[in-house]
Amino acid sequence: MRMFSRFGCIALLAIGYAMLPGPASAQQYPDHPIKLIVPVPPGGGVDILARAIGQKMSVSMGVPIVVDNRAGASAAIGTELLAKSRPDGYTIMMGYSAHATNPIFNPGLPYDTKKDFAAIAHVGYIPLILVVPASSPANSVKELIALAKAKPGQLQFASGGAGAGAHLSGELLKVTAGVDIVHVPYKGNAPALNDLLGGHVSMMFDTINTALPHVKSGTLKALAVTSGKRSPLAPDVPTMIEAGLPGFEIGAWYVLFAPANTPKDILQRLNSEANKAVKDPELRATLGAQGVELTGSTPEEADAFVSREIELWARTIKATGMKGN
């Protein structure tokens with residue numbers, strides 16, 4: 001009798017356990033707000049894009065997508081938070097170009113860039129634009145290079161942090177033009193742009209959508225874009241290649257990430273919603289007017305893209321001797 005009771009209890013426990021809710025599935029997901037980590041301060045290009053895509057995904061998925069700005073350490077602070085989050089689809093991140101270069105500039109990162117994340121979708125990219133304060137004596141890339149050569153070590157270029165596209169562009173300018181300019185990193189593009197506007201630094205490669213309003217207002221001068229062809233938003237601004245620097249082509253890219261081991265059905269749901277967002281005509285018109293090229297991809301394509309970027313910059317940085325100063 002006691003043996004029967006024991007087995008009976010075990011059976012009841014087993015039935016009760018089976019009735020408990022299991023891991024989230026695509027059918028149940030999402031049933032509460034999703035946190036979207038943005039590893040830069042509010043106001044920059046990454047933040048603007050993340051909020052726009054997050055808003056579209058929120059409407060489509062029927063739950064709030066709450067932006068959580070976690071700036072610092074060239075996006076490493078926000079990225080570490082994602083790496084340590086539960087892989088349940090309720091914490092995602094808008095990653096950008098620094099994701100591929102952080103492990104090169106910061107080998108002691110508290111996460112593994114290749115193993116701790118799963119790409120959701122490659123959502124877009126944007127060219128950078130070289131800008132200087134309105135008070136700068138340089139009116140072209142040629143004049144800026146001449147000024148830098150006349151004042152070695154005295155000109156500074158700002159960036160949103162080591163490893164970001166703005167930093168890489170400045171380092172590439174040093175190498176290709178043979179100039180000695182000093183890198184001044186900030187915690188995000190917005191504070192870097194503020195110091196440029198204040199004349200505290202000499203130049204900056206900024207995302208075209210955040211810099212152009214200041215160019216149009218006359219507070220900054222645009223010297224060149226980093227894309228392979230001119231931007232329709234600034235057709236009178238030459239490319240860096242046209243300005244006399246062959247092979248100078250860099251763009252800021254954006255990829256949505258989830259923690260590694262996020263269930264495939266959840267990852268596919270997020271991918272579907274992200275691709276739906278980047279195809280939205282209203283969003284494409286709004287962000288396209290700011291220079292953002294929306295793309296979309298499968299998770300596998302996004303993962304492959306990020307891997308290629310990591311390998312590309314590892315080779316390039318080693319060859320050029322760039323340092324994350």
Side-chain angles (χ1 to χ4, degrees), residues 23 34-40 46 49-50 53 68 70-126 159-169 171-172 185 188 250-271 274-275 295-325:
I34 296 170
K35 178 165 67 177
L36 172 55
I37 298 170
V38 178
V40 298
V46 182
L49 179 67
I53 290 179
D68 184 6
R70 294 296 183 101
S74 298
I77 290 176
T79 307
E80 179 184 4
L81 178 62
L82 181 71
K84 294 179 178 179
S85 297
R86 292 182 61 183
D88 56 7
Y90 287 100
T91 304
I92 59 178
M93 183 184 80
M94 181 62 76
Y96 65 104
S97 309
H99 188 81
T101 53
N102 269 344
I104 305 164
F105 287 116
N106 304 296
L109 288 172
Y111 54 81
D112 189 316
T113 304
K114 294 183 177 180
K115 296 180 180 179
D116 290 344
F117 310 98
I120 297 169
H122 181 193
V123 295
Y125 68 92
I126 187 171
S159 83
H167 175 210
L168 296 177
S169 296
E171 293 286 357
L172 192 56
I250 293 179
W253 52 259
Y254 308 101
V255 169
L256 275 172
F257 289 99
N261 301 316
T262 297
K264 284 190 176 181
D265 55 353
I266 300 288
L267 204 62
Q268 287 294 342
R269 175 71 190 279
L270 285 165
N271 173 264
N275 281 325
T295 52
S297 74
T298 65
E300 294 77 16
E301 289 168 342
D303 267 324
F305 170 79
V306 174
S307 294
R308 288 195 301 271
E309 283 288 297
I310 292 172
E311 294 168 4
L312 168 66
W313 285 110
R315 292 195 306 269
T316 304
I317 290 169
K318 182 178 180 180
T320 57
M322 296 183 195
K323 297 182 182 297
N325 56 321

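When a residue number appears, it is its place in the shown sequence, counting from 1.
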> Can you name the nearest heavy-atom pair linking Asp116 to Ala83, along with the distance?
Replying inline: CB-CB, 4.2 Å
> Going by heavy atoms in the side chains, are Ile126 and Tyr254 under 4.5 Å from each other?
Replying inline: yes
> Rounded to the nearest 0.5 Å, what separation is found between the NE2 atom of His167 and the OG atom of Ser97?
Replying inline: 13.0 Å
> Is there a side-chain contact between Ile250 and Leu172 (heavy atoms, below 4.5 Å)?
Replying inline: yes
> Are any non-hydrogen side-chain atoms of Ile37 and Met94 less than 4.5 angstrom apart?
Replying inline: no
> Closest heavy-atom contact between Pro107 and Ile104?
Replying inline: CD-O, 4.0 Å
> When rounded to the nearest 0.5 angstrom, what is the spacing between OG1 in Thr91 and NZ in Lys35?
Replying inline: 5.0 Å
> Do the non-hydrogen side-chain atoms of Met93 and Pro39 ever get within less than 4.5 Å of each other?
Replying inline: yes
> Is a side-chain N or O of Thr262 found less than 3.5 angstrom from the main chain of Pro259, in a donor-acceptor match?
Replying inline: yes
>> Within the supplied structure, the quantity of interest is the number of heavy atoms (other residues, nucleotides, ligands) at a distance under 6.0 Å from Asn261 CG; does it exceed 12?
In response: no
> Does the side chain of His99 reach to within under 4.5 Å of the side chain of Phe257, using non-hydrogen atoms?
Replying inline: yes
> Of all residues at least two apart in sequence or in a different chain, which pass the side-chain hydrogen bond (donor to acceptor under 3.5 Å, both in side chains) check with Glu311?
Replying inline: none
> Do Ile266 and Asp88 touch side chain to side chain, with heavy atoms closer than 4.5 Å?
Replying inline: no
>> So, using ring-ring contact (aromatic ring centres under 6.0 Å, His included) as the criterion, who are the partners of His122 when residues are at least two apart?
In response: Phe305
> What residues form a side chain to side chain contact (heavy atoms under 4.5 Å, CB included) with Ala76, not counting sequence neighbours?
Replying inline: Ala73, Asn102, Leu109, Tyr111
> Which pair of non-hydrogen atoms, one from Gly161 and one from Pro185, has the smallest distance, and what is that distance?
Replying inline: CA-CB, 4.1 Å
>> Among residues at least two apart in sequence or on other chains, which ones pass side-chain hydrogen bond (donor to acceptor under 3.5 Å, both in side chains) with Asp303?
In response: none
> So, the side chain of Asp68 versus the backbone of Leu36: is there a donor-acceptor pair under 3.5 Å, distance only?
Replying inline: no
>> To check you understand the geometry: which heavy-atom pair defines the closest contact between Leu267 and Pro299, and what is its length?
In response: CD2-CB, 4.4 Å
>> According to side-chain hydrogen bond (donor to acceptor under 3.5 Å, both in side chains), does anything in residues 73-86 pair up with another residue at least two apart or in another chain? List the pairs.
In response: Glu80-Lys84
> Which residues satisfy the side-chain hydrogen bond (donor to acceptor under 3.5 Å, both in side chains) test with Thr101, sequence neighbours excluded?
Replying inline: none
> If every non-hydrogen atom of Ala50 is compared with every non-hydrogen atom of Val38, which pair is closest and at what distance?
Replying inline: CB-CG2, 3.6 Å
>> Has Asn275 got a side-chain atom pairing as donor or acceptor with Asn271's backbone, closer than 3.5 angstrom?
In response: yes
>> So Val306 and Glu309, do their side chains get closer than 4.5 Å, heavy atoms only?
In response: no
> Can you name the closest pair of heavy atoms from Ala119 and Val255 and give their distance?
Replying inline: CB-CG1, 4.1 Å
> So, Ser297 side chain and Ala121 main chain: donor-acceptor pair closer than 3.5 Å or not?
Replying inline: no
>> Counting C-beta onward and ignoring hydrogens, is there a side-chain heavy-atom pair between Ser307 and Lys114 closer than 4.5 Å?
In response: no
